[in-house]
Protein chains: 2
Amino acid sequence: MPDLSDPPPRSRGRAPAVAADRGSTADRLITVAAALFRAKGYAATTTRELAEALHLQKGSLYHHIQTKEDLLYRICSESMARLHDEVLHAIAGAGPDDRLRTAIRAHLVAALRDRDMHAVTVLEMRSLGEGRWAEVVERRDAYRHMLAGIVREEQDAGRLRDDIDASVLTLALLDLVNWAIFWYQPAGQLSAQALGDLLATIYLEGALVRAS
Amino acid sequence: MPDLSDPPPRSRGRAPAVAADRGSTADRLITVAAALFRAKGYAATTTRELAEALHLQKGSLYHHIQTKEDLLYRICSESMARLHDEVLHAIAGAGPDDRLRTAIRAHLVAALRDRDMHAVTVLEMRSLGEGRWAEVVERRDAYRHMLAGIVREEQDAGRLRDDIDASVLTLALLDLVNWAIFWYQPAGQLSAQALGDLLATIYLEGALVRAS
DNA sequence: GTCTATATTGTGATAGAC
DNA sequence: GTCTATCACAATATAGAC
């Protein structure tokens, strides 16, 4: 059961030490909030902890945001937008039958670059209020549909199996890349690119030894 | 981005209507808590909502539990234990080169039977206190290692590719089955068994059309 | 833009009658 | 085993000085 419980290892007990002293206060807020939301969950993270991690007083937060939910919203919509853009950009320069592998790799690289933000997006999106939630879901679905479109095209081109529904193929693909960010260990010998390639290979070729 | 945001659809706004009137109060507590934690998250679910869903007064809850965390703990450890048992039982009666497919199917069927509990386990495990968290993680790791053992044996037998590390192969497998419970639609035409088979096929054979 | 208050509401949990 | 009533405290957010 790969999940969200172990990493980041030292987050249990005390707040993670975040590089909270670079950039504009607005940007620091996002970064620090993402790290805390990732470690403890959105609802369990208090504005006090947030302020403390930023070396601010509680009241000072509200000069930059109106509600705690603003932070979650910005994390979700920015990470989704960046992911979509990056993957689109990557596959624009890919050969016709290399698009899926390229997309998988680009997704993983993008998600691992802003790991906290993506983890929070995927886990805490549901905590957004009605309107903002719908907006983020819309972004997410747009991305999903873009990928599903590629899958369908590859099926039509005879390269992807069409005995399995395109939506199932797409969701399986997304499960593979989306959740790897929770167990990937940056300290290991595997680069984000390399892991992306491995996952693409598993997804495309399967785990069985090829009959060849 | 398959995730946790849409289902269960009518959970946004009001508490889901749970079959809260069957079984012992202790069992109802687990069932109702799992449904609420699944819908709103553990931290965001209040003991008041819990009591309301059970048609009890707040104070009455504490005859059955000592803290809200007790519920999360029971959900996590029971669901992990059941999953491990069921998958073990299933593969005990499987042919030598059918074990992985059988395990995948059994995992999915078990996870979908107690869907709320498994979703909560996977998402909210991190909210457990130090000691109980470690205990549940231990259970989870035991299950992981059991699967990784199979993967390694299959590699040694020459049936699974060994150009990819067994731990990566195992984690990829777990991502595939673990997170499908968040997008699977019971109302659709696909049974849990059938989805398990599809995922097993994707995992084992890959999404590409086989050269054959 | 940050500070020191403080308002207000919601929280988990307990006490003790029935 | 459930009820009513309540405690002690933590939560988000605001007000107004500097």
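Just so it is clear, the model here is predicted, and its values are computed rather than measured. Numbered from 1 within each chain, the chains take letters A, B, ... in sequence-line order. All heavy atoms count here, side chains included; hydrogens, waters and symmetry mates do not.
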In whole angstroms, the gap separating C1' of C/dT11 from CZ of A/R48 amounts to 13 Å

Should A/R152 and A/D165 count as an ion pair when the cut-off is N to O under 4.0 Å?
no

B/R74: partners by salt bridge (Lys or Arg N to Asp or Glu O under 4.0 Å), with sequence neighbours left out:
B/E78

Could you tell me which residues satisfy side chain to side chain donor-acceptor pair (under 3.5 Å) with A/T201, sequence neighbours excluded, listed by chain and number?
A/R101

What contact category does A/T45 fall into here, base, sugar-phosphate, or nothing, at under 4.0 angstrom with non-hydrogen atoms?
sugar-phosphate

Sequence-distant partners of B/H64, ring-ring contact (aromatic ring centres under 6.0 Å, His included), two or more places apart:
none

Rounded distance in Å - NZ (B/K68) to C1' (C/dG10):
12 Å

Taking CD in B/E138 as the centre, count heavy atoms belonging to other residues, nucleotides or ligands within less than 6.0 Å. Is the count above 12?
no

Under 6.0 Å between the ring centres of B/Y143 and B/H107?
yes

Separation of B/L36 atom CG from C/dT11 atom P, in whole Å?
13 Å

Contacts to DNA chain D from residues 56-67 of chain B, heavy-atom cutoff under 4.0 Å, which residues?
B/L56, B/Q57, B/K58, B/G59, B/S60, B/H63, B/H64

Mind checking which nucleotides bracket the chain A contacts on DNA chain D, 5' to 3', with an atom under 4.0 Å from a heavy atom?
D/dA11 to D/dT14

Taking only residues two or more places apart in sequence, or in another chain, which ones meet B/E135 in a side chain to side chain donor-acceptor pair (under 3.5 Å)?
B/Y73

Tell me whether the NZ or CZ atom of B/K68 lies within the 45° cone about the ring axis of B/Y42 and under 6.0 Å from its centre.
yes

